Undergrad: 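Here it is, the structure in full.
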Amino acid sequence: MEARALTPVQEDLLKMFAFDHSDSFAIEIKKVLKTYLLGKIDEETTRLWNEGVLDQKRLDELRHEDLHER
């Protein structure tokens with residue numbers, strides 16, 4: 001396996017976790033990141049829907065597609 005450098009975001013997250021080792025801090029950070037990322041996904045899917053790229057027919061097609069093979 002080849003070594004990869006950390007991204008700036010990964011480095012910042014590691015620095016945050018070095019500050020506080022409590023489980024409650026880790027749980028809170030996970031909640032914040034999850035909320036943020038779900039919001040971004042919602043914004044993007046709304047944009048795709050409004051632009052006509054995504055519709056019910058395409059959602060039905062995706063439901064039967066194995067996206068893990070990519």
Side-chain angles (χ1 to χ4, degrees):
M1 178 178 274
E2 70 182 71
R4 296 184 195 175
L6 295 176
T7 67
V9 171
Q10 290 169 324
E11 289 177 1
D12 287 342
L13 287 171
L14 285 174
K15 288 176 190 173
M16 277 196 301
F17 282 104
F19 170 73
D20 186 340
H21 298 287
S22 69
D23 288 341
S24 62
F25 179 75
I27 290 168
E28 187 65 27
I29 291 295
K30 285 180 186 180
K31 283 182 187 177
V32 169
L33 289 172
K34 185 178 182 181
T35 300
Y36 172 78
L37 293 172
L38 287 173
K40 295 304 248 180
I41 290 169
D42 190 46
E43 287 174 12
E44 183 65 9
T45 54
T46 298
R47 183 186 69 76
L48 292 171
W49 188 275
N50 290 339
E51 291 178 2
V53 175
L54 189 61
D55 58 13
Q56 190 59 51
K57 180 181 175 193
R58 182 63 182 133
L59 288 175
D60 292 341
E61 291 169 357
L62 288 171
R63 186 178 354 172
H64 303 291
E65 195 171 314
D66 185 2
L67 302 174
H68 293 97
E69 292 182 7
R70 295 174 188 227

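None of the values given here were measured: they were computed from a predicted structure.
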Undergrad: Taking salt bridge (charged side-chain N to carboxylate O under 4.0 Å, His left out) as the test, write out the residues that go with D42, two or more places apart.
TA: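 D42: no salt bridge (charged side-chain N to carboxylate O under 4.0 Å, His left out) contacts found.
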Undergrad: If you measure from CD1 on I41 to CD on E44, what distance do you get to the nearest 0.5 Å?
TA: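 The distance works out to 10.0 Å.
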Undergrad: Does N50, at its CG atom, have more than 12 non-hydrogen atoms belonging to other residues, nucleotides or ligands within less than 6.0 Å?
TA: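 Yes, the 6.0 Å shell around CG holds more than 12 heavy atoms from other groups.
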Undergrad: Hey, what else clusters with L6 if you join Ile, Leu, Val, Met, Phe, Trp, Tyr whenever side-chain heavy atoms sit under 4.5 Å?
TA: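 When side chains under 4.5 Å apart are linked, the cluster holding L6 also contains L14.
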Undergrad: What closest approach, in Å, do L54 and T45 show between heavy atoms, and which atom pair accounts for it?
TA: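 Closest approach of L54 to T45: CD2-O, 4.1 Å.
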Undergrad: I'd like to check the salt bridge (charged side-chain N to carboxylate O under 4.0 Å, His left out) partners of K40; sequence neighbours left out, ordered by chain and number.
TA: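 For K40, the residues satisfying salt bridge (charged side-chain N to carboxylate O under 4.0 Å, His left out) (neighbours in sequence not counted) are E43.
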Undergrad: Could you identify which residues cluster with L37, counting Ile, Leu, Val, Met, Phe, Trp and Tyr as linked when any side-chain heavy atoms lie under 4.5 Å apart, either directly or through a chain of such contacts?
TA: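 Y36, which link up through side-chain heavy atoms under 4.5 Å apart, make up the rest of the cluster.
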Undergrad: Indicate yes or no: does D55 engage R58 in a salt bridge with an N to O separation below 4.0 Å.
TA: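 R58 and D55: not salt-bridged.
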Undergrad: Do L13 and V32 belong together in a cluster built from hydrophobic side chains that touch within less than 4.5 Å?
TA: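 No, because L13 and V32 fall into different hydrophobic clusters, even though each may have its own neighbours under 4.5 Å.
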Undergrad: Taking only residues two or more places apart in sequence, or in another chain, which ones meet E28 in a salt bridge (charged side-chain N to carboxylate O under 4.0 Å, His left out)?
TA: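 Not a single residue meets the salt bridge (charged side-chain N to carboxylate O under 4.0 Å, His left out) criterion with E28.
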Undergrad: Quick one: do V53 and L59 end up in the same hydrophobic cluster if we chain Ile, Leu, Val, Met, Phe, Trp and Tyr together by side-chain heavy atoms under 4.5 Å apart?
TA: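 They do share one cluster, since a chain of ILVMFWY contacts under 4.5 Å joins V53 to L59.
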Undergrad: Partners of T35 by side-chain contact (heavy atoms from CB on, under 4.5 Å), sequence neighbours excluded?
TA: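 Partners of T35 by the side-chain contact (heavy atoms from CB on, under 4.5 Å) criterion come out as none, since no residue qualifies.
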